[in-house]
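First the structure, in the form of structure tokens, and then the observations on it.
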Amino acid sequence: MAAVAGKKGTVTYSGGSVATVNNWSLDLTNDMLDVTSFTTSAPQWREFIDGLSGWSGDISGIFDSASTGQNDLIVNSITPTTAAVILEMDQTAGGKFNGSVFLSGMSPGVAIDGTADISWTLQGTGALAYTTTT
């Protein structure tokens with residue numbers, strides 16, 4: 001087993017590296033369409049076909065005013081537009097997802113006894129691709 005620690009994950013948005021990210025997640029859904037019909041044999045079992053697929057995700061980290069990637073995320077949250085995103089599990093072992101996203105949410109926050117944190121909610125538009133290359 002080649003287990004991978006999350007400490008070498010990365011996020012690239014609109015071609016630029018996003019600094020100080022400490023968490024990202026991805027949710028993929030595949031609709032299953034029920035096509036069960038009347039039958040004389042085994043009527044208790046349902047049958048399905050695949051329908052539409054979709055994906056969404058989240059990125060979060062510490063606000064970094066010098067990060068071009070974070071600035072692009074902020075600007076595109078205020079004025080929605082699509083951009084490419086790459087969510088990589090490990091810079092040396094590989095495993096990355098990429099596709100085009102809208103930013104459907106942004107949540108900055110500041111605490112007097114903590115860091116200035118920021119997070120984004122991603123809505124994938126179009127296909128999501130996966131590769132094992134670095």
Side-chain angles (χ1 to χ4, degrees):
M1 179 172 134
V4 174
K7 63 186 178 183
K8 291 184 182 178
T10 64
V11 173
T12 303
Y13 179 78
S14 191
S17 178
V18 182
T20 64
V21 170
N22 55 28
N23 186 52
W24 65 259
S25 66
L26 185 65
D27 296 306
L28 173 72
T29 59
N30 295 305
D31 293 342
M32 295 289 116
L33 308 176
D34 190 336
V35 295
T36 307
S37 61
F38 293 127
T39 180
T40 57
S41 63
Q44 77 273 16
W45 297 109
R46 293 184 177 276
E47 292 184 20
F48 293 88
I49 60 172
D50 61 318
L52 297 174
S53 298
W55 60 282
S56 61
D58 297 290
I59 301 169
S60 62
I62 301 167
F63 175 69
D64 183 341
S65 62
S67 171
T68 303
Q70 279 198 17
N71 185 62
D72 289 343
L73 283 161
I74 292 168
V75 169
N76 286 356
S77 293
I78 295 168
T79 307
T81 186
T82 60
V85 68
I86 301 171
L87 305 169
E88 188 167 16
M89 289 188 259
D90 189 284
Q91 296 169 5
T92 53
K96 61 184 168 185
F97 299 90
N98 64 72
S100 184
V101 296
F102 280 105
L103 300 170
S104 59
M106 177 177 70
S107 299
V110 178
I112 194 168
D113 61 346
T115 58
D117 297 325
I118 192 162
S119 63
W120 296 271
T121 304
L122 314 174
Q123 178 57 62
T125 181
L128 177 68
Y130 173 75
T131 182
T132 58
T133 60
T134 57

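Atom set for the values below is all heavy atoms of this structure, side chains included, hydrogens, waters and symmetry mates excluded.
Annotation: side-chain hydrogen bond (donor to acceptor under 3.5 Å, both in side chains) contacts of Thr20 (sequence neighbours excluded): Gln70. The side-chain hydrogen bond (donor to acceptor under 3.5 Å, both in side chains) test applied to Thr115 returns Asp117, not counting sequence neighbours. Under the salt bridge (Lys or Arg N to Asp or Glu O under 4.0 Å) criterion, Asp50 pairs with no residue, sequence neighbours left out. Residues satisfying the side-chain hydrogen bond (donor to acceptor under 3.5 Å, both in side chains) test with Asp72, not counting sequence neighbours, are none. For Thr131, the side-chain contact (heavy atoms from CB on, under 4.5 Å) partners at least two apart in sequence or on another chain are Lys96, Thr133. With sequence neighbours excluded, the residues forming a side-chain contact (heavy atoms from CB on, under 4.5 Å) with Asp27 are Ser56, listed by chain and number. Residues forming a side-chain contact (heavy atoms from CB on, under 4.5 Å) with Val21 (at least two apart in sequence, or on another chain): Val11, Val18, Ile59. Evaluation of the side-chain hydrogen bond (donor to acceptor under 3.5 Å, both in side chains) rule for Thr10 yields Glu88 as partners, not counting sequence neighbours.
Taking all atoms of both residues into account, the shortest heavy-atom contact from Asp64 to Ala19 is OD2-CB, 3.5 Å. Listed here is the closest heavy atom pair of Ser53 and Asn30: OG-OD1, 2.5 Å. When all heavy atoms of Phe63 and Ile74 are compared, the pair lying nearest together is CE1-CD1, 3.8 Å. The shortest non-hydrogen separation linking Val110 to Ala116 is CG2-CB, 3.9 Å. Taking each heavy atom of Ala83 and Ser14 in turn, the nearest pair found is CB-CB, 4.0 Å. In this structure, Gly99 and Trp55 approach most closely via the heavy-atom pair CA-CZ2, 3.9 Å.
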Step by step, would you call Ile118 with Ser107 a side-chain contact (heavy atoms from CB on, under 4.5 Å)?
CA-CA 6 Å; Ile118 192 162; Ser107 299; over 6 Å; no

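Residue pairs meeting the ring pair (Phe, Tyr, Trp, His ring centres under 6.0 Å) criterion with at least one member in residues 83-134, sequence neighbours excluded, are Phe97-Tyr130.
Apart from Ile49 itself, the hydrophobic cluster it occupies contains Leu33, Val35, where clustering links Ile, Leu, Val, Met, Phe, Trp and Tyr at side-chain heavy-atom distances under 4.5 Å. In the hydrophobic clustering, Ile112 connects to no other residue, as no ILVMFWY side-chain heavy atoms lie under 4.5 Å from its own. The hydrophobic cluster analysis finds Ile62 isolated: no Ile, Leu, Val, Met, Phe, Trp or Tyr side chain comes under 4.5 Å of it, directly or through other members.
Taking the side chain as every heavy atom from C-beta outward, Leu26 and Leu128 approach each other to under 4.5 Å. In this structure the side chain of Asp34 never reaches within 4.5 angstrom of the side chain of Met32, judged on heavy atoms. Between Gln123 and Val101 the shortest side-chain heavy-atom distance does not fall below 4.5 Å. Looking at heavy atoms from C-beta onward, Leu103 lies in side-chain contact with Leu73 at the 4.5 angstrom threshold.
Note that CG of Asn98 is 5.5 Å distant from CD1 of Ile86, once rounded to the nearest 0.5 Å. Put simply, OG on Ser104 and CG on Leu122 are 7.0 Å apart, with the number rounded to the nearest 0.5 Å. A distance of 13.5 Å separates OH in Tyr13 from OG1 in Thr68, rounded to the nearest 0.5 Å.
Val75 and Met106 sit in two unconnected hydrophobic clusters of ILVMFWY residues. Membership requires side-chain heavy atoms under 4.5 Å apart, directly or through other members.
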